[in-house]
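Notes follow once the structure below has been shown.
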Number of protein chains: 2
Amino acid sequence: MIGQAHTRGTPEADAQSTARAIARPAGRSIGIQAVAERAGVSIATVSRVLNGIKSKANEETEARVRLAADELGYRPAHAGRALRLRQTKLVALLIPDISNAFYAAIAGSIESSLRARDHTMILCNTNEDPRLQDFYLEEMQAYHVRGIALLGAVDSPGLAAALADKLPIAFVNRKPPCGGGVFVGIDNHAAGRAVASHFLSRGYRDCAVIHGPLHSSASRERFEGFLSALREAGAAPAGPNIVSGGLSLEGGYAAARLLLKAERHPRAIFCANDLVAYGLFRRCRELGLAVPRDIAVMGFDDNPLNDWVAPWLSTVHIPYDAFGIAVTEALVRIWDGAGEPEAAEPLPFSLRLRGSAE
Amino acid sequence: MIGQAHTRGTPEADAQSTARAIARPAGRSIGIQAVAERAGVSIATVSRVLNGIKSKANEETEARVRLAADELGYRPAHAGRALRLRQTKLVALLIPDISNAFYAAIAGSIESSLRARDHTMILCNTNEDPRLQDFYLEEMQAYHVRGIALLGAVDSPGLAAALADKLPIAFVNRKPPCGGGVFVGIDNHAAGRAVASHFLSRGYRDCAVIHGPLHSSASRERFEGFLSALREAGAAPAGPNIVSGGLSLEGGYAAARLLLKAERHPRAIFCANDLVAYGLFRRCRELGLAVPRDIAVMGFDDNPLNDWVAPWLSTVHIPYDAFGIAVTEALVRIWDGAGEPEAAEPLPFSLRLRGSAE
DNA sequence: AGACCGAGGGTAAACGTTTACCCGACAGGG
DNA sequence: CCCTGTCGGGTAAACGTTTACCCTCGGTCT
């Protein structure tokens, strides 16, 4: 009972004559049922063919099904599948602030590598608010997301619960405050040490640091790595040369006011991230200090605009594109479920030096 | 038949004693059925209460239902609802490139204002590729999204089809290439004119423009507005002073090479966006030209970093936060379906002048 | 007293998939 | 000739909601 699909002359429908969407059946949208009828098989067979269940379909049947699906422009309704499987091809990305270039770049990378694996990304701004994070964690479960990429995780009751529930979570850039889970990011401790080594190799022994919030593993580790390397070289910064600047432009500026008020200021400053470095730079400009001539500055993250608007800023370069791939692979490992996946290789970083005569 | 929920002593479950999640029933996750049993009513009643269908529930019953739902930590599975209603609370944002600060800022704004209305955002990078845009348009329909915000729309066969299918689409920043739909954005023509007026009022008559892709209504209109105002003042730019720079850093740089090679260069340049202006600026730096002393530059979009890293750049400021609200309201208007919603008021813009002695 | 009505709430039928079973046919081995 | 297995494929039961009907019970109107 293959027969022609009964085209009920909707005038606009006839206008477009692509390969697919030859004819819209009378009913609402085309479902698996329509495909089955057109191919002259049962819906079970259609489902099996389209899901690639081999050994269940004669080649000829399979071809008929695929043709029918194609001609009708059939797309499985995700809702049905989600209901049955209690699972979607959705992955949620929880992110502190999408308008931060660092996070945005990672988000883009994750989106495209998820897409390459036929998954779709839901974006949620947590604002680093534990309550909002918990809300989203629950809400995403209600959507039956297949996994979560948690960028800039904060500690929250729901996070531990979600981990206990075996919800696949990849912690990006910041390690889970409550332990457990798989981490994707660079070795921040090593990065901090690398910055210190660089400063020392340039002969700067009078260093300062504007560190980020220490509850963030990323900030803390790079801070500690920096300090430890300096201490080992006997060049530990004096107390007033260690200030907190958050991760913001304003924080950097405020920290700079503290750091640079003495006539004898540090010669080299390690900033929690590039934004902080921009804040510091503004203060330098105000004081007439040239960077890096009068004062060496090292940022973190390597904002993609640096080459264009901040050619004075040396910074730690992060492999943005690698994040997406690593996150996706981490999730896949969890899905394929070889028990507890070992922590993956940390991503590589590198120092990007700018503005120096070298 | 209210009865205690039968707590099957799962040790971890007892650990957390928040108000909700007192006890996980034996079965998998708690559904509407569990709530109904606990409240001693039918699932229909639960559904009605939770959906705020008044006049169907005794106050006392309603209280019992809400209590039960709360105690169990019930969250409706979106899949079931999506299946029944053929509708979710998902809104897709199609965006050319999330790592572009301009788009990212708008994305953030849209996300938060959708959240305020209890909707969730799906983010899709179209890369301005018509095929990818079409793919997402279809895929999002398969997810039964309730609406789409299309940022930087390009012309594609699927777009017209989606509009014909009455899919609620808000066109953000760039008007639909195929007509129809509702637009959210500023009056780009007026903005272009405003820039021209500003240049003229400063006495610059030797102006140039680096325009964006003219298939984009945003780029085209601001370009045309700028030119028309200049023409009316009898100061139309010479042919070589009109170049295309795309919307990228590299494009701006390349355009600047063309524009600034003569010893006699234009005194004022209007750039398609801030990125282009950064590219231009790099060339200026190479040539030893000071901005804005030797050459006035006007960007577009007002990148949030400008105050910090580009204090030399005057630009057209866009009300990022207003975008989210306007998009959401536009969608709501479509949903509430008062026929064809009139085009909303364009968003306000303003000139942000920097670096001038004033 | 019978008709009618509204309030409150239960029953069951969708919605569109996936998949555990079941079944018929045919082949090969004993 | 029977038994067993495999191939190919159909039947129907979930999955978790929403909502069109239906029902009961008082109260009110005629």
Side-chain angles (χ1 to χ4, degrees), chain A residues 1-2 25 27-66 68-69 72-90 139 141-144 146, chain B residues 1-2 25 27-66 68-69 72-90 139 141-144 146:
Chain A
M1 194 78 49
I2 296 189
R28 227 59 296 267
S29 67
I30 57 266
I32 200 173
Q33 178 77 33
V35 179
E37 278 168 20
R38 189 179 180 92
V41 297
S42 76
I43 60 169
T45 302
V46 175
S47 174
R48 285 189 286 246
V49 165
L50 264 30
N51 286 331
I53 309 285
K54 291 302 187 191
S55 84
K56 270 304 199 177
N58 184 307
E59 280 203 14
E60 195 260 343
T61 312
E62 169 169 354
R64 251 198 353 266
V65 169
R66 288 199 189 285
L72 294 175
Y74 169 66
R75 237 167 224 277
H78 294 270
R81 135 182 291 254
L83 191 54
R84 183 85 223 289
L85 265 27
R86 282 203 268 320
Q87 169 126 184
T88 59
K89 282 167 178 267
L90 257 21
E139 181 74 358
Q141 275 180 289
Y143 270 114
H144 293 310
R146 196 167 176 207
Chain B
M1 193 79 49
I2 296 191
R28 226 61 293 269
S29 66
I30 57 266
I32 200 174
Q33 178 77 33
V35 179
E37 278 168 21
R38 188 177 180 93
V41 297
S42 77
I43 61 169
T45 301
V46 174
S47 174
R48 285 189 287 245
V49 166
L50 265 30
N51 286 330
I53 310 287
K54 290 301 186 193
S55 85
K56 269 305 197 178
N58 184 309
E59 279 203 16
E60 194 261 342
T61 313
E62 169 169 354
R64 251 195 357 264
V65 169
R66 288 199 189 283
L72 293 174
Y74 168 67
R75 236 167 224 277
H78 292 165
R81 135 182 291 254
L83 191 54
R84 181 87 222 289
L85 265 27
R86 287 206 260 331
Q87 170 123 186
T88 59
K89 282 166 179 264
L90 259 20
E139 181 74 359
Q141 274 179 289
Y143 271 114
H144 293 309
R146 195 164 177 208

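Letters A, B, ... are given to chains in the order of the sequence lines, protein chains preceding strands, and every chain is numbered from 1. Since this is a predicted model, take the numbers as computed values, not measurements.
- As rounded to whole Å, 15 Å separates atom C1' of dC7(D) from atom CD1 of I53(A).
- Per the geometry, CD belonging to Q33(B) stands 12 Å off P belonging to dG10(C), to the nearest Å.
- Using a 4.0 Å heavy-atom criterion, one finds that I43(B) contacts the bases of the nucleic acid, with or without backbone contacts as well.
- Taking side-chain N and O atoms only, N51(A) has a distance below 4.0 Å to OP1 or OP2 of dT18(C).
- Two residues are said to be in side-chain contact when any heavy atoms from C-beta on lie closer than 4.5 Å; N51(B) and S47(B) meet this criterion.
- Residue Y74(B) places at least one side-chain N or O closer than 4.0 Å to OP1 or OP2 of dT17(D).
- Taking atom CZ of residue R81(A) and atom P of nucleotide dC15(C), one finds them 20 Å apart after rounding to whole Å.
- When rounded to the nearest whole Å, the span between CD1 of I32(A) and P of dG10(D) equals 12 Å.
- S42(A) comes within contact range of at least one nucleobase, with a heavy-atom separation under 4.0 Å.
- Distance CD1 (I30(B)) to C1' (dG16(D)): 13 Å, rounded to an integer number of Å.
- Contacts of A79(B) with the nucleic acid, taken as non-hydrogen atoms under 4.0 Å apart, are absent.
- Nearest nucleotide to the side chain of L83(B), out of dG9(C), dC15(C), dT17(C): dC15(C).
- Within the 4.5 Å cutoff, the side chain of I32(A) has no heavy atoms near those of the P76(A) side chain.
- Judged by distance alone, the side chain of N58(A) and the main-chain N or O of E60(A) form a donor-acceptor pair under 3.5 Å.
- The nearest whole Å value for the distance from the NE2 atom in H144(B) to the C1' atom in dG16(C) is 8 Å.
- Between E59(A) and K54(A), none of the side-chain N atoms (NZ, or NE/NH1/NH2) sits under 4.0 Å from a carboxylate O, so this pair counts as no salt bridge.
- Checking the phosphate oxygens (OP1, OP2) of dC15(C), no side-chain nitrogen or oxygen of R86(B) falls inside 4.0 Å.
- H78(B) and Y143(A) have perpendicular rings, their planes meeting at more than 60° on a 0 to 90° scale where under 30° would count as parallel.
- In the set dG8(D), dA20(C), dT19(D), dA20(C) carries the atom at the smallest distance from any side-chain atom of R48(A).
- Here the nucleotide nearest the side chain of R84(A), chosen from dT18(D), dG10(C), dT19(C), is dT19(C).
- Among the nucleotides dA12(C), dG8(C), dG10(D), the one closest to the side chain of N58(B) is dG8(C).
- Going from atom CG of L85(A) over to atom P of dA20(C) covers 11 Å, rounded to whole Å.
- Comparing dT11(D), dT17(D), dT11(C) by their closest approach to the side chain of P76(B) singles out dT17(D).
- Atom-to-atom, CD of Q87(A) to P of dT18(C) comes out at 12 Å; the value is rounded to the nearest Å.
- Closest to the side chain of T45(B), out of dG10(C), dT18(C), dG10(D), is dG10(C).
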